[in-house]
Amino acid sequence: MSPQNSLFDAAPVASAPPSSPLLAHLNPEQLAAVTLPPEHALILAGAGSGKTRVLTTRIAWLLQTGQVSPGGLMAVTFTNKAAKEMLLRLGTLLPVNVRGMWIGTFHGLCNRFLRAHWKLANLPQSFQILDTQDQLSAIKRLMKQYNVDDERFPAKQTQWFISGCKEDGLRPGMVEARDEETRKKVELYQLYEEQCQREGVVDFGELMLRSYELLRDNASVRDHYQRRFRHILIDEFQDTNKLQYAWIKMLCGEHNAVLAVGDDDQSIYAFRGARVGNMADFVREFQVRHQIKLEENYRSYSHILDSANELISHNQKRLGKTLRTSQGPGEPVRVIESASDFAEANWLVDEVKQLVRDQGTEPGFERKEIAVLYRSNAQSRVIETGLFNAGIPYRVYGGLRFFERAEIKHALAYLRLLENPNDDTSFLRVLNFPPRGIGARSVEQLQDAAKAAGCSLHDAVSTLSGKAGTNIAAFVAKIDVMREQTEAMTLREIIALVLAHSGLVEHYKADREGADRLENLEELVNAAESFVTQEGFGRDAVAMSPEQQVATLTQSPASQGLDLSRPLIQADDPLPPDAETGETLSPLAAFLSHAALEAGDNQAQAGQDAVQLMTVHSSKGLEFDAVFITGLEEGLFPHENSASDHEGLEEERRLMYVAITRARKRLYLSHSQTRMLHGQTRYNLRSRFLDELPEASLKWLTPKQQGFASPGLGGGSGGGYGARRENSSASWGSSGRSAPDFASYTAAAPAPLPPQKAEPPQGLRAGMKVFHNKFGEGKVLTVEGTSNDARAQVNFPRHGIKWLALSVAKLTPI
DNA sequence: TCAAGTGAGGTTTTT
DNA sequence: CCTCACTTGA
């Protein structure tokens with residue numbers, strides 16, 4: 001390794017930077033990152049280190065110093081939210097018209113690319129995008145048609161297989177199929193592809209894969225984009241999958257500069273194909289000479305950061321990074337043990353009340369600045385019940401988003417049929433919705449006819465005869481008439497007409513519980529309206545000519561230091577070969593892409609001052625004044641499915657790291673002795689992660705108990721926080737039932753009482769080592785049930801994993 | 001065609 | 001225990 005290649009040399013600024021206001025207030029590392037020379041670089045950006053700021057300032061700096069024109073760079077993110085944020089902040093840094101710039105999500109940019117090159121990509125101009133739901137129903141339909149046993153090949157699994165292949169860049173012919181089962185899946189993959197192609201639809205994976213292949217197979221297109229995008233900036237690089245990495249590589253020729261920004265310690269999406277290893281691969285394959293660490297944290301006090309640092313230091317596979325702050329220690333991290341999940345929720349409710357009540361005085365927390373995090377969605381229920389009964393407003397992240405709602409999907413299906421009559425997924429979705437007397441038999445007949453003729457359902461209708469055909473023919477006629485009627489209409493008018501003529505509005509009006517759905521349909525019209533005005537109905541979906549780009553740029557307000565007279569686009573920046581710039585995508589088609597790629601807000605009633613409930617995964621990228629991390633128990637967090645192998649455990653630890661680093665001022669870590677799971681009471685040990693934190697930064701509100709050794713000891717009651725120190729010698733279960741149960745919060749709907757006794761059967765807890773007369777030594781994995789029903793799952797090194805009924809088997813703790 | 005019943009399965013999720 | 005997807009019966 002050459003000296004230049006040494007790790008994390010904060011690269012000196014090439015030449016003295018212009019003392020631009022852009023660069024003010026950046027710390028040395030940030031400044032170095034922003035002003036890096038135009039070469040490949042990796043920024044290792046810790047949580048809360050100003051990553052987005054560096055990215056946007058870098059773009060602004062490149063533009064301002066004339067190193068690149070707005071059309072000459074591309075910035076890629078994973079979520080629409082991140083992309084919007086980037087555009088927004090860029091707009092505040094520079095008077096640049098960001099419309100038309102290639103800043104967006106991987107999928108959004110691929111969509112734009114494929115729209116510009118639809119012919120080369122072998123797609124219809126207005127190809128439709130299948131979301132995950134659509135994809136699954138398309139696969140189900142396919143499997144039915146080919147009489148595939150869905151017991152042996154569940155549609156979900158097939159979907160997972162297909163998506164997995166695409167993420168790895170594999171077409172059916174490239175998949176290595178050793179066993180019969182895989183061969184069958186590959187066959188289904190092949191058939192699915194043919195079906196999508198026939199119907200003119202692409203799924204999310206296809207957007208990426210086809211873009212990649214087009215670049216790979218078409219030298220002139222590839223050359224064009226390689227020459228065009230001198231600067232490529234990638235956000236959240238640790239989340240890229242194999243295909244995305246290959247795609248980036250494909251966009252890189254001799255003279256490109258890729259700026260990859262990421263944090264290996266926050267890589268929590270391996271389960272969906274993300275490869276942290278891409279960071280190391282990037283450094284090696286791109287011969288990255290500049291690596292910069294951003295370790296200064298602007299979010300949290302040092303007790304919180306010390307906890308995060310210490311925890312993550314237990315991971316072996318790391319690039320290495322330590323967060324620091326100049327904000328001072330702050331409060332210690334509070335740790336609490338409860339007797340049950342109910343008690344935990346109760347305590348949490350009390351604590352939240354306290355935090356909110358203190359508002360105005362110190363510390364003073366707004367409800368929306370309080371987050372409750374958990375490992376899995378199922379955990380939210382108890383907490384919701386508690387908050388609900390206490391009358392505390394709360395908001396749960398992660399339900400159905402706007403464009404995923406059934407009524408919206410129905411409306412979109414009609415709209416899609418206007419654009420593309422061959423979209424069988426949409427056809428089937430609304431063929432009999434609202435009900436118009438088309439039964440399963442008729443549908444099957446139609447499907448058979450279509451299969452025989454090798455055409456779409458829409459086209460097969462004419463071949464249909466008899467009574468069954470008339471209703472279907474009427475449906476098709478209705479769609480065709482709508483298409484004609486809407487030809488010259490605005491998007492808003494089109495949607496209004498479709499809503500009325502499809503019968504959707506009528507149907508929901510008749511439905512007692514249809515009011516909400518009607519409201520959403522109303523909202524769809526609004527969404528279309530604002531799409532048209534804000535997005536310029538997707539004009540940016542088509543590659544802009546240089547002239548257009550200069551034009552939009554000069555339209556923007558007077559710039560500070562941006563020389564508008566200089567030619568912004570080089571003369572040698574021609575339109576991509578075969579770009580279909582003449583034909584504009586229809587507003588409707590653009591809106592439909594938008595609906596598929598941007599499913600809408602993930603939270604109900606935004607803007608309200610409500611406590612935020614979400615999984616740790618969805619908390620990534622967010623921050624709150626106060627954070628509760630709940631359910632810190634072995635088996636839950638780290639999750640039992642991940643704890644067995646080293647890789648999985650390290651990812652769980654990163655997840656915990658993400659959770660901790662969400663907190664600005666105050667952090668609570670909570671675990672419970674018992675928890676209701678799958679209808680059974682489980683007895684879990686506290687998470688090992690709690691033992692991986694620095695004692696000096698913690699404050700145990702309930703006494704810390706010794707490891708696995710004394711299951712019968714200790715004190716956690718569900719009650720008062722911080723006031724429970726006195727019962728350190730009390731046997732749990734017999735004391736500390738002082739917490740009010742939910743019934744005391746609610747007059748109307750009493751919730752179930754917490755269990756009377758939290759005594760694990762025979763004192764067994766997960767994680768304990770036990771001895772069995774026949775099997776020898778083993779480790780307890782789980783304990784379930786009570787008294788006579790109780791059983792334990794034990795892993796015996798010699799005999800494997802066994803379930804043992806505790807009323808029969810003799811297990812001695814050792 | 002719709003409502004009630006049955007049975008399986010229950011980490012994490014964006015596009 | 002709870003949710004959902006799918007089947008069955010009127």
Side-chain angles (χ1 to χ4, degrees), chain A residues 76-83 104-111 129-137 140 144 150-151 154-157 160 163 166-167 202-209 211 235-236 239-241 243-244 267-274 341 373-382 385 397-401 403-404 432-441 511 593-602 614-621 631 635-643 648 651-652 654-656 658-659 675-682 751-752 755 784-785:
Chain A
V76 197
T77 64
F78 273 87
T79 64
N80 291 300
K81 201 178 160 198
T105 64
F106 277 101
H107 298 269
L109 295 180
C110 284
N111 177 53
I129 299 167
L130 300 184
D131 67 14
T132 315
Q133 283 178 44
D134 300 329
Q135 187 190 30
L136 184 64
S137 64
K140 278 184 182 164
K144 209 171 193 173
D150 57 354
E151 298 273 288
K156 274 254 173 64
Q157 209 179 298
W160 187 82
S163 302
K166 292 193 180 185
E167 275 161 15
V202 297
D203 58 36
F204 289 132
E206 189 69 26
L207 282 173
M208 281 297 321
L209 183 51
S211 301
D235 192 16
E236 305 276 18
D239 287 338
T240 51
N241 63 33
L243 177 59
Q244 285 157 342
S267 163
I268 56 173
Y269 285 112
F271 70 92
R272 68 176 199 214
D341 47 350
L373 309 185
Y374 34 79
R375 175 65 237 269
S376 64
N377 286 303
Q379 287 167 254
S380 75
R381 171 169 288 275
V382 212
T385 312
Y397 276 58
L400 270 194
R401 283 119 49 133
F403 286 113
E404 292 169 351
N432 195 34
F433 194 95
R436 43 176 76 86
I438 300 170
R441 288 178 322 281
D511 187 345
S593 308
H594 166 80
L597 290 171
E598 206 166 333
D601 219 339
N602 210 348
M614 67 192 82
T615 63
V616 179
H617 278 96
S618 26
S619 76
K620 194 179 154 209
L636 245 193
F637 199 178
H639 196 274
E640 51 197 345
N641 296 1
S642 310
E651 174 136 330
E652 293 288 308
R654 292 194 290 268
L655 200 47
M656 180 68 182
V658 167
R675 186 171 295 277
M676 210 52 160
L677 197 65
H678 307 337
Q680 297 249 261
T681 306
R682 299 203 7 179
E784 290 185 351

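Worth saying up front: this structure is predicted, and the values here are computed from it rather than measured.
In this structure the side chain of A/Phe271 reaches within 4.5 angstrom of the side chain of A/His617, judged on heavy atoms. Using a 4.5 Å heavy-atom threshold, the side chains of A/Arg675 and A/Thr681 count as separate. The closest side-chain heavy-atom distance from A/Asp203 to A/Lys166 is below 4.5 Å.
No N or O donor and acceptor, one from the side chain of A/Thr132 and one from the base of B/dT14, sit under 3.5 Å apart.
Considering only side-chain atoms of A/Pro435, the nucleotide from C/dC1, B/dT14, B/dT1 that sits closest is B/dT1.
Atoms CG (A/Leu597) and P (B/dT14) sit 14 Å apart, rounded to a whole Å. Distance, A/Ile438 CD1 to B/dT1 P: 9 Å, rounded to whole Å. The interatomic distance linking A/Gln244 (CD) with B/dT15 (C1') rounds to 9 Å, in whole Å. Note: CG (A/Asp235) to P (B/dT15) measures 13 Å, nearest angstrom. Whole-Å rounding puts the A/Arg682 CZ to C/dC1 C1' distance at 14 Å. Between A/Asp131 atom CG and B/dT13 atom P the separation is 17 Å, expressed in whole Å. Distance A/Leu130 CG to B/dT14 P: 19 Å, rounded to the nearest Å. One can place CZ of A/Phe433 at 12 Å from C1' of B/dC2, the figure rounded to the nearest angstrom.
The closest donor-acceptor contact from the side chain of A/His678 to the backbone of A/Gln680 lies at 3.5 Å or more, if one exists at all.
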Interface polar pairs with nucleotides 10-12 of chain B, N/O, under 3.5 angstrom:
| unit_1 | atom_1 | unit_2 | atom_2 | d |
| --- | --- | --- | --- | --- |
| B/dG10 | N3 | A/His678 | ND1 | 3.4 |
| B/dT11 | O4' | A/His639 | NE2 | 3.3 |
| B/dT11 | O2 | A/Arg375 | NH1 | 3.0 |
| B/dT11 | O2 | A/Arg375 | NH2 | 2.0 |
| B/dT11 | O4 | A/Ser642 | OG | 3.4 |
| B/dT12 | OP1 | A/Asn377 | N | 2.6 |
| B/dT12 | OP1 | A/Asn377 | ND2 | 2.9 |
| B/dT12 | O4' | A/Arg375 | NH2 | 3.2 |
| B/dT12 | O2 | A/Arg375 | NH2 | 2.7 |

Show each protein N/O and nucleotides 4-10 of chain C N/O combination with a separation under 3.5 Å, one pair to a line.
| unit_1 | atom_1 | unit_2 | atom_2 | d |
| --- | --- | --- | --- | --- |
| C/dC6 | OP1 | A/Lys140 | NZ | 2.9 |

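Using C1' as the reference atom, B/dT11 and C/dC6 are 24 Å apart when rounded to the nearest Å.
Taking both residues in full, the closest heavy atoms of A/Asn241 and A/Leu243 are given as OD1-N, 3.0 Å, listed atom of the first, atom of the second, then distance.
Residue-level contact check: A/Asn432 touches the backbone only, with heavy atoms under 4.0 Å from sugar-phosphate atoms and none from bases. Using a 4.0 Å heavy-atom cutoff across all strands shown, A/Gly437 reaches sugar-phosphate atoms only and no base atom.
With sequence neighbours excluded, the residues that form a ring pair (Phe, Tyr, Trp, His ring centres under 6.0 Å) with A/Phe78 are A/Phe106.
Side-chain nitrogen and oxygen atoms of A/Arg401 include at least one within less than 4.0 Å of the OP1 or OP2 phosphate oxygen of B/dT14.
A salt bridge does not link A/Asp131 to A/Arg401: none of the charged side-chain nitrogens sits closer than 4.0 Å to a carboxylate oxygen. Under a 4.0 Å N-O distance rule, the pair A/Arg375/A/Glu652 qualifies as a salt bridge.
A donor-acceptor contact closer than 3.5 angstrom is absent between the side chains of A/Gln135 and A/Thr132.
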